[in-house]
Amino acid sequence: MTCSGLASSQRVKATIASFQYCLEELEVERNRYKWLFENALHGIFQASLSGKLRAANPALAAMLDDSSVVHTLERCARFDALFVNASTGQQLRDLLLAQGHVTGQTTWLQGASGHQVPVAITLIRKPAELAGDEDLIEGFVADITERERARQHLETLNAHLEARVADRTQALERLNEELRSARDAAEFANQSKDRYLAAASHDLLQPMNAARLLVASLQERLTNSDNLALIESVQNSLEGAEAILSDLLDISRLDHGQVQPQLRHFKLDDILSNLADEFTPVAQRKGLTLRYVPSHQAVTSDPYLLSRIVRNFLANACRYTHRGGICLGVRRHGDDSLAVQVVDSGIGIPESDYRLIFREFHQLNATRARDRQGVGLGLAIVERISQRLEHPLSVRSAPGQGSCFAVTVPRASGISFSQAPAPSAPLSADDEFEGLRVLILDNEPTILQGMALLLTEWKISCDTALDVDTAKACQEAPDMLLVDLHLDDHMTGLEAIRQLRQHWHDPHLPAAILSADRSDHWQRRLRHAGVPQLNKPVRPGKLRALLRSLLNG
């Protein structure tokens, strides 16, 4: 053998040895992949693009409840038979051809026992040059039963939660509707209560007004001390009943926001002098002196509401002072405000009880029925009014040393004041109204009778009328008009005054309204019309003050 032949034989042997080594390596690799294929935790299968299922691993057979891989290949000879819905196989093949792979697609496989298995499937296309005779589909399947159960459980929980939320929402809506109904019912009840209080107060105050006028007239006529004492007791009882009705009506209106302040500039003396005139007889009947220190300062407030505060101060001072006197006056309070004060020499109040006296239905030192006066609403009303006006209150007192109640009012800036002229010598109570002619217009005959009797005692000539037509028939024009607010046939006192002024061709004929209606609506209308109002039941002292005011213009 030549050298070249020997070299060629050695090269062939080396090539065969290398080829055998490669075959052995391929066998090892094939066995390794076979082992992985057969022992993988996830299902693996292989199918042709034409649709034939060619191979499956034991994990897939177990997943589908097949007894063996052979059983799986027999039961699912076609790739489409793996799926619950046969069209799913075709859809996945189309998607694979379009994209080259399918990753994590969720679907349902059909198990041998009829149950359905939720899976996440990944498909890879293996071309013919790698696969052999044709393109293959290699699939990897993960059982997501637990995940699906969790999803379904979560959906169930969500549905349950949504149902509970819906139920709770409906329950809340029903509750809200019930609350709205209850609120509406409560508001209607409050409105009904307010209407009832207003109507009842008006209806009760009307006959009480007549009774007080008749009693006052009788009081003017009697001289026997025993009879006077009896009449005074009747008068006091009527005053107590009136105070209770007025307080109940006022506290209701204040609590429901029906009192709206009408602020304006005015001189304090315009209201304080009238209050002094009103309470001087009250103090005198108890053997007290009431001193008023006139003030010509101007303030910004609601004159009616401020009068209500000071009137309560004076009423309490007269009520709880048994000897000595009461002083009504004004002090400066800083540069921009004034303090209207009522000072008395009464029983006094411990400092620890200052806040208690402003509570509703609370009266100090009134544990026995005979010690109680009113229902304890006066200072509660005062506090509410002061809050509406934003006028601070103050109290100074000590047991046995009297009290000082004050309300602080802003001064009216930029308004000039003139000193009031020195008063002329006052006429006596018996002749100050002598020669005065007054027309009284009211649709209650008993009120007309009581007013006429009382004014006649004051030497006033009276004409009375139940309606405007009767008033126009009077022979002589009056010097002033006293007119009820609500007359018959829906006629108002303002309209009656307008017609009577026109009838007597006197647009400035002095006139006042007497009424038990204390609503803000009518108070605003009367203030706008410039017609003063006197509340029923009419008190003689306040009536005198009104007549003086009308006479003085």
Side-chain angles (χ1 to χ4, degrees), residues 232 235-236 239-240 242-244 246-247 250 268-269 271-295 303-331 333 338-351 353-366 370-386 389 391-409 535 539-542 544-545:
E232 186 172 344
Q235 189 76 285
N236 290 339
E239 286 182 1
E242 176 202 347
I244 291 172
S246 299
D247 287 349
D250 286 345
L268 277 173
D269 190 62
I271 64 170
L272 298 185
S273 60
N274 290 335
L275 290 171
D277 290 342
E278 177 184 343
F279 280 92
T280 294
V282 179
Q284 289 174 347
R285 285 199 298 269
K286 290 193 67 176
L288 307 172
T289 60
L290 193 154
R291 186 168 69 95
Y292 167 52
V293 181
S295 172
Y304 171 77
L305 294 179
L306 183 60
S307 296
R308 190 76 170 88
I309 291 175
V310 181
R311 180 176 287 110
N312 271 283
F313 288 167
L314 288 169
N316 280 345
C318 290
R319 183 177 299 162
Y320 296 109
T321 302
H322 304 305
R323 63 179 180 274
I326 301 162
C327 180
L328 170 62
V330 179
R331 284 182 178 272
H333 190 275
L338 300 169
V340 181
Q341 297 181 333
V342 174
V343 183
D344 65 57
S345 58
I347 59 176
I349 306 164
E351 186 175 355
D353 291 337
Y354 283 2
R355 292 307 307 165
L356 295 177
I357 60 177
F358 291 98
R359 290 183 181 176
E360 299 93 337
F361 309 107
H362 186 86
Q363 292 179 321
L364 295 177
N365 303 318
R370 61 177 176 270
D371 296 327
R372 299 187 191 115
Q373 303 185 57
V375 290
L377 286 175
L379 289 179
I381 292 172
V382 164
E383 185 174 49
R384 283 166 170 79
I385 294 176
S386 75
L389 292 173
H391 294 353
L393 301 175
S394 62
V395 183
R396 294 198 319 271
S397 185
Q401 298 180 23
S403 303
C404 174
F405 284 80
V407 56
T408 302
V409 189
N535 289 330
R539 300 181 182 182
K542 294 179 70 173
R544 279 185 180 275

Asker: For the residue pair I309 and L389, establish whether any side-chain heavy-atom pair is separated by less than 4.5 Å.
Answerer: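 Answer yes - side chains close enough.
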Asker: Do you know the tightest heavy-atom contact between T408 and H391?
Answerer: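 Taking T408 first and H391 second, the nearest heavy atoms are O-CB, 3.2 Å.
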Asker: Does any non-hydrogen side-chain atom of V330 lie less than 4.5 Å from one of L272?
Answerer: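 In contact.
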Asker: Listed by chain and number, what are the side-chain contact (heavy atoms from CB on, under 4.5 Å) partners of T280, not counting sequence neighbours?
Answerer: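 In terms of side-chain contact (heavy atoms from CB on, under 4.5 Å), with neighbours along the sequence ignored, T280 is linked to Q284, L290.
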Asker: Is there side-chain contact between V395 and S403, with at least one heavy-atom pair below 4.5 Å?
Answerer: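 No, side chains not in contact.
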Asker: With sequence neighbours excluded, what pairs up with R331 under the side chain to side chain donor-acceptor pair (under 3.5 Å) test?
Answerer: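 For R331, the residues satisfying side chain to side chain donor-acceptor pair (under 3.5 Å) (neighbours in sequence not counted) are Q341.
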Asker: Between CD1 of I326 and OH of Y320, what distance do you get to the nearest 0.5 Å?
Answerer: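 Those atoms lie 13.0 Å apart.
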Asker: When you measure from the side chain of S345 to the backbone of G325, do you find a donor-acceptor pair of N or O atoms at a distance under 3.5 Å?
Answerer: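 Here the side-chain-to-backbone pair exists.
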Asker: Let me confirm one number: the OG-CD1 distance from S397 to I347, rounded to the nearest 0.5 Å.
Answerer: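 One finds 8.5 Å between OG of S397 and CD1 of I347.
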Asker: Less than 4.5 Å apart, any side-chain heavy atom of I385 and any of L306?
Answerer: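 I385 does not reach L306 side chain to side chain.
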Asker: Among all residues two or more places apart in sequence or in another chain, which pass the side chain to side chain donor-acceptor pair (under 3.5 Å) test with E278?
Answerer: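 Side chain to side chain donor-acceptor pair (under 3.5 Å) check on E278 returns R311, R539.
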Asker: Check whether any side-chain heavy atom of L288 lies under 4.5 Å from a side-chain heavy atom of F279, and answer yes or no.
Answerer: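 With C-beta onward as the side chain, the pair stays apart.
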Asker: Once rounded to the nearest 0.5 Å, what's the spacing between atom CZ of R384 and atom CG of L305?
Answerer: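 Rounded to the nearest 0.5 Å, the CZ-CG separation comes to 14.0 Å.
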Asker: Looking at every non-hydrogen atom in both residues, tell me the closest pair between A276 and Y292 and how far apart they are.
Answerer: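 The pair with the smallest heavy-atom distance is CB-CB, 3.7 Å.
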Asker: Do you know which two heavy atoms are closest between N274 and A545, and how far apart they sit?
Answerer: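 Between these two residues, the closest heavy atoms are OD1-CB, 4.1 Å.
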